[in-house]
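All remarks here apply to the structure that follows.
For reference, positions follow the sequence shown, starting with 1.
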Amino acid sequence: MIDGTKKDDEFAGRLTFLSVMFTLIITILIARVAYMQIYDGEYYANLAEGNRIRIIPTVAPRGTFYDRNGQLLVTNRPGFTVSLLPLTEPISPEVIQRVSRLLNVPVEEIQRRIDIHYSFDPIRVKQDVTPDIVSIIEERKADYRGVIIEVQPIRNYILNQEGAHTFGYVSEISEYELEQKKDSGYKPGDIVGQFGLEKVYDKEIRGVNGGEQVEVDVNGKPVQILGKKEPTPGYDLVLTIDRDLQVAAEKAVDEILKEIGAHAAAAVVLNPQNGEVLAMVSRPAFDPNLFAHGISTKDWNAINNNPYHPMDNKTITGEYPPGSTFKIVTGTAALSAGVVTPEEQIYDSGTHWLIPKGNAGGEVLGWLNFHEALAHSDNVYFYEMGNRLGVERLEHYAQLFGLGKETGIDLPYESPGLADWQEYKMEVYGEEWYLSETFDAAIGQGFNLVTPLQDAMFNGEIAANGKRFKPHLVKRIVTQDGDLIREFQPELLSDLTEQGVSMEVIKLVQNGLREVTVTGTAARSFAGFPYPIAGKTGTAENSQGRDHGWFVAYAPFDNPCISLAVVVEQGGYGASSAVPIGRKILEAAFEIMNKRGPF
């Protein structure tokens with residue numbers, strides 16, 4: 001009996017202890033819940049809210065490009081983008097495999113995009129997909145958890161290949177660019193300008209992204225939009241380009257290249273009175289629309305393996321001997337330095353009397369004064385000008401015309417050309433300069449190199465009575481509503497009349513260039529042309545094949561608003577390759593001016 005009572009007491013004690021412990025635990029839990037509710041309630045409410053609220057960004061449309069008359073050049077169109085949005089959990093390997101097969105994008109590429117992603121932004125896998133892909137994803141959402149379809153603005157280059165090197169193209173930012181621009185607000189998946197004006201003015205035209213505040217369910221599926229911030233479109237660019245002249249220039253180049261069997265050329269048209277570029281053509285070209293939604297391997301290989309380099313903007317990166325177009329510089333230098341008078345007669349016997357260098361085809365032109373020599377592009381006469389000037393003065397005048405350095409045009413990757421020939425030869429070859437090389441330089445050969453834009457500009461300096469303006473492609477930056485953000489004014493870079501070249505000399509050169517199209521090397525091509533123009537043909541020797549053909553011109557002769565330069569790679573004589581292109585461009589320009597007035 002005593003033992004039973006003892007056992008009952010032990011059991012009662014244990015029960016009491018357990019009751020006390022249970023009561024204590026419950027009290028602690030209640031106290032903790034009360035603490036969390038009263039003191040940390042707002043904190044945990046925000047955490048819970050964050051688990052079901054996500055911000056999905058909306059891409060801002062890039063600014064539109066207009067020509068000088070308000071005609072559309074580059075705009076945007078809506079397109080479907082397949083993106084990954086891991087709202088509540090990582091994207092499963094199975095879903096990644098399905099997306100890879102559906103979009104024909106390697107699993108490794110999708111995983112790489114996931115790995116470099118560091119925000120809640122959508123991970124964009126493929127842009128501008130077809131409607132059938134959109135339908136598959138929308139109809140089988142259970143198989144594509146975390147996959148969304150975004151409607152994004154896709155860049156639309158209305159003229160396709162035409163103007164491609166000027167307008168440029170856009171594509172997704174690379175990892176290298178992200179590293180270079182890590183403090184500039186760029187993120188993986190951003191679309192940025194990679195070339196041309198798209199690259200130079202990317203900051204102004206890319207806009208500010210908006211976004212949606214979206215509530216999602218436990219599966220990460222959006223159930224309602226709680227808030228929305230509209231994206232701010234980028235600023236628009238009003239260009240100096242004339243769309244009609246650009247199209248006509250492209251057509252002219254293509255027609256003549258096909259006719260003569262050449263494959264590469266460049267043409268530049270600008271207003272010498274203010275530096276506005278009216279048209280730029282580089283051939284071969286590429287379609288920038290291919291890059292806007294991710295270029296395929298097939299298309300990239302077709303561009304990259306083309307031996308004539310479609311991605312090069314030959315108007316500003318191509319460096320060529322200027323050939324006889326450089327006689328504009330040599331003639332200006334000789335008259336200004338007083339080593340020759342306009343009336344002095346120099347005898348052309350077929351070769352120069354100091355060094356046996358002569359005219360193309362062995363021509364003998366006899367006694368010539370300055371106008372006759374320039375009009376007929378006589379080599380022997382200009383060899384003698386180089387002989388009398390010397391290489392130092394010839395280099396000096398080339399540099400006065402702005403040669404040997406970038407023009408400063410608002411395009412990337414411009415080449416400087418070459419006008420410090422002696423220094424270059426010594427630096428590269430370790431050799432002294434010879435008189436025969438001065439002869440070569442005087443007629444635009446040898447180490448003498450210019451870009452087509454530079455050629456158009458030094459021709460334009462004569463047209464504009466010695467003034468050289470900085471070339472530019474943008475007239476205004478404006479908002480979508482047309483409010484002015486910035487206007488670009490003509491920028492005078494130099495004036496030959498302030499550098500020792502008199503107006504009398506400039507007039508003499510102008511009259512000589514007029515004779516080129518009336519009685520000289522371009523007279524046959526411009527027979528019956530109804531408007532007065534001035535110009536100069538050129539043929540540049542090419543060690544890699546046929547000669548390059550050149551033509552520069554300005555018009556109208558009495559009040560020029562056009563200066564153009566055309567080069568045809570391996571086109572042979574300039575009179576038969578570049579001049580026909582120049583004539584077609586000038587015909588189109590005068591037709592436009594008759595409708596709208598001067599540029």
Side-chain angles (χ1 to χ4, degrees), residues 249 252-253 256 265-273 275 277-281 314-316 318-332 374-377 382 398 401-403 407 417 443-445 448-466 468-469 471 496 506 509-518 520-523 525-526 529 531-540 547-557 560-569 571 573-587 589:
V253 171
I256 299 302
V268 183
V269 188
L270 56 81
N271 186 336
Q273 309 292 351
V277 178
L278 304 172
M280 296 186 86
V281 182
K314 295 176 175 60
T315 61
I316 62 169
E319 295 178 303
Y320 309 89
S324 291
T325 64
F326 189 79
K327 291 170 182 174
I328 295 172
V329 177
T330 304
T332 302
L374 187 60
H376 295 282
S377 199
F382 283 95
F401 274 89
L403 303 181
T407 66
I443 64 164
Q445 296 290 168
N448 198 338
L449 296 174
V450 301
T451 67
L453 176 60
Q454 289 174 328
D455 222 20
M457 286 191 66
F458 75 68
N459 171 67
E461 280 180 79
I462 295 298
N465 293 332
R468 173 162 48 92
F469 291 88
L496 291 176
I506 291 173
V509 177
Q510 289 174 346
N511 291 331
L513 295 177
R514 173 75 180 121
E515 284 301 310
V516 170
T517 64
V518 176
T521 54
S525 296
F526 282 94
F529 197 75
Y531 306 101
I533 67 166
K536 183 72 190 76
T537 59
T539 304
D547 294 343
H548 303 315
W550 276 103
F551 180 58
V552 297
Y554 66 83
F557 177 69
C561 61
I562 293 173
S563 173
L564 69 83
V566 179
V567 64
V568 179
E569 289 188 9
Y573 289 117
S576 58
S577 59
V579 171
I581 294 174
R583 172 162 179 149
K584 286 177 178 288
I585 294 174
L586 287 169
E587 286 173 342

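- Between Tyr554 and Phe557, the ring planes lie parallel to each other; the angle is under 30°, not in the 30° to 60° tilted range.
- The CD1 atom of Ile585 sits 11.0 Å away from the CG atom of Leu278 when rounded to the nearest 0.5 Å.
- Of all the heavy atoms in Thr451 and Gln454, the pair that sits closest is N-OE1, 2.9 Å.
- Each of Val566, Leu564, Val277 was compared with Val269 under the side-chain contact (heavy atoms from CB on, under 4.5 Å) criterion, and only Leu564 meets it.
- A distance of 6.0 Å separates NZ of Lys536 from CG of Leu374, quoted to the nearest 0.5 Å.
- For Ser377 and Thr521, the side-chain atoms include no donor-acceptor pair closer than 3.5 Å.
- Across Pro560 and Gln273, no two heavy atoms sit closer than the pair O-NE2, 2.9 Å.
- In this structure, CG in Asp455 is found 11.5 Å from CZ in Phe401, a value given to the nearest 0.5 Å.
- With sequence neighbours left out, the side chain to side chain donor-acceptor pair (under 3.5 Å) criterion links Thr517 to Arg514.
- Between the side chains of Glu569 and Tyr320, a donor-acceptor pair is found at a separation under 3.5 Å.
- Here the straight-line distance linking atom CD1 of Ile533 with atom CD1 of Ile562 works out to 10.0 Å at 0.5 Å rounding.
- Side-chain N or O atoms of Ser525 include none that pairs as donor or acceptor with a backbone N or O of Ala522 at under 3.5 Å.
- Listed for the Gln510 side chain is a donor-acceptor partner under 3.5 Å among the backbone atoms of Ile462.
- The two residues Pro556 and Cys561 make their nearest non-hydrogen contact at CD-N, 4.0 Å.
- In this structure, the separation between OG1 on Thr332 and CD on Glu461 is 9.0 Å, given to the nearest 0.5 Å.
- Between the Gln445 side chain and the Pro321 main chain, no donor and acceptor come within less than 3.5 Å of each other.
- One side chain, Ser563 or Asn459, offers a donor N or O that lies under 3.5 Å from an acceptor on the other.
- Separation of atoms CD1 (Ile443) and OG1 (Thr330) is listed at 9.0 Å; rounding is to 0.5 Å.
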